[in-house]
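Okay, so here's the structure we're looking at.
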Amino acid sequence: MFFLCDASGFYSSAEKVMRPDLRKKPVITLSNNDGCVVAVCPIAKRLGIKKFVPYFQVKDVVEKYGVTVTSSNYELYHSLSTKMMDTIGQFADDVYVYSIDEVFARFNTALSHESWMALGREIRKTVWKEVRLPVGAGGGLTPTLAKAASHAGKRLPGYNGVAVIHSEQERVNILEQMDVTDVWGVGRRLGQKLRTLGINKALQLSQQSPARIRKQFSIILENTVRELNGELRIHWDDVRPDKQQIYSTRTFGTRVTTKAELHKAITGHCESAMRKLRKQRGLTKAITVFASNSPHDDARYYRKSVYHQFAIPTMDTRIVTNAIPAVIDKIYKPGICFYRCGVGLVEILSAANYQADLFAENKDNPKLMNVLDAVNDRYGKSTLQIASKGFTKTHEMKRQFITQRATTRWSDIPTIQC
DNA sequence: TCTGGGGTCCTAGGACCC
DNA sequence: TCTGGGGTCCTAGGACCC
């Protein structure tokens with residue numbers, strides 16, 4: 001049995017952990033640069049505020065109902081996420097952390113439907129008691145069914161956050177009430193295509209012939225169909241599979257127009273992407289570097305991406321950043337107000353399997369990179385950095401409503417006045 | 001007054017080469 | 001001289017997830 005546990009409106013609910021006075025009030029949380037709404041607490045949901053809409057579009061509702069708005073405080077969320085995952089992990093034989101607020105828990109035992117429901121409620125209660133986060137729990141024989149149950153637990157009447165798909169009757173009951181686009185892995189576009197075939201509900205998708213779905217769509221959707229029928233297709237190992245591509249990208253707080261500023265930002269993205277690469281003990285053969293203005297600006301849309309290959313696969317940040325000036329020359333265009341840029345490591349191989357070329361001169365310095373990573377892990381990002389990133393924070397992120405990092409900084413510990 | 005996220009994977013199609 | 005198939009590399013952009 002799999003359970004999917006996730007927090008409702010995680011970022012916003014995390015803010016309430018430190019602000020119990022807001023517990024019964026609506027809270028929403030914004031993305032980087034305070035651009036979009038990315039989390040909506042259950043109370044704010046009832047006001048009709050949707051995720052992923054630009055903040056300025058909900059400002060009226062925010063003011064009308066006195067909704068509390070916060071910027072994203074990742075330090076706080078990561079620390080609360082860890083506590084939440086640890087708490088849930090104590091129940092399960094095995095867990096797989098899927099995202100900051102979602103975890104799959106695996107159980108190797110057989111229980112009755114009622115006992116699974118009781119377990120779900122127990123998890124929910126315990127996480128609330130220990131971390132003060134509202135979580136839902138959905139159980140099923142496959143991860144896709146667990147996801148569906150979790151959806152039902154939250155959206156369908158009568159479940160109160162916990163649902164289990166154990167019997168055929170329960171499976172049919174829940175899937176026939178679920179829109180096909182609510183199935184894990186079916187987005188807007190696939191949904192449209194399925195609808196033209198008359199497949200509107202999750203149950204209908206589960207009744208399709210897997211072979212036909214594979215032919216008409218993909219092996220991925222075939223697996224979804226099989227999982228909806230209780231056939232296990234999604235597996236995970238103890239370790240998360242290595243990424244095939246790693247990206248670091250961000251929008252600027254204010255538009256960037258000079259080559260020097262663009263260079264600094266891209267250097268920073270090289271640093272963080274390469275840090276992630278070394279975490280999975282990888283080497284990269286090629287990168288793409290890209291920058292664009294905003295599609296919402298009046299100016300014509302400009303987007304440029306440049307692919308750059310290295311003679312020898314590398315894990316050394318310096319090798320990558322040394323290639324940047326030449327790449328930037330191909331991207332930068334005077335007069336463009338750059339809004340976003342980023343770096344992707346797009347051809348990754350594993351250092352363990354890589355057979356080095358005896359005759360090539362490898363300039364990587366793994367020891368230096370180890371020191372770089374160790375120092376930055378211990379003393380904070382950019383304690384040691386590549387000089388071309390610059391030492392002044394010129395393109396700082398807009399975070400008008402940032403809260404205290406109450407669980408990770410001595411200086412931010414909340415005080416209680418009696 | 002101005003304001004529109006981030007990450008990963010996949011693929012169509014053009015450019016280029018043989 | 002004109003015409004042609006097939007492969008690889010690269011870029012843009014779509015699709016999905018949160």
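Here the structure is a predicted model, which means the values were calculated and not measured. So you know, we letter chains A, B, ... as the sequences are listed, proteins then strands, and number each from 1. Because only heavy atoms are used, hydrogens play no part in the values below, and waters and symmetry mates are left out as well, while side chains stay in.
Looking only at atom types and distance, the side chain of D101(A) has a donor-acceptor partner in the side chain of S99(A) under 3.5 Å away. Using a 3.5 Å distance cut-off with no hydrogens or angles, the side chains of E130(A) and T87(A) do not pair a donor with an acceptor.
For residues 40-65 of chain A, proximity to DNA chain B is found at F52(A), P54(A), F56(A), K59(A), defined as any non-hydrogen atom under 4.0 angstrom from a strand atom. Taken residue by residue, residues 131-143 of chain A places no heavy atom nearer than 4.0 Å to DNA chain B.
Annotation: dC16(B) and dG4(C) have their C1' atoms spaced 16 Å apart (nearest Å).
Across all non-hydrogen atoms, the minimal contact from M369(A) to R318(A) is CE-NE, 4.0 Å. Nearest approach of W184(A) to T224(A), heavy atoms of both residues: O-CG2, 3.9 Å.
Every residue was checked against the side-chain hydrogen bond (donor to acceptor under 3.5 Å, both in side chains) condition with Y302(A), not counting sequence neighbours, and none meets it. Evaluation of the side-chain hydrogen bond (donor to acceptor under 3.5 Å, both in side chains) rule for N223(A) yields R233(A) as partners, not counting sequence neighbours.
Consecutive Watson-Crick or G-U pairs involving DNA chain C, each under 3.5 Å on both distances, make up stems of three or more pairs at B:5-18 with C:5-18.
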Next on the checklist: What does the B/S/- profile of nucleotides 6-17 of chain B look like, 5' to 3', with a 4.0 Å heavy-atom cutoff to protein?
Outcome noted: SSBBS-------

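As judged by a 4.0 angstrom heavy-atom cut-off over every strand, G342(A) is placed among residues making no nucleic acid contact.
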Next on the checklist: Could you walk me through whether F252(A) and F338(A) satisfy the ring-ring contact (aromatic ring centres under 6.0 Å, His included) test, starting with their C-alpha distance in whole Å, then the side-chain angles of each, then the deciding distance to 0.1 Å, before giving a yes or no?
Outcome noted: CA-CA 8 Å; F252(A) 295 113; F338(A) 287 97; 7.8 Å; no

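Here the CD atom belonging to Q208(A) is positioned 10.5 Å from the CG atom belonging to N229(A), to the nearest 0.5 angstrom.
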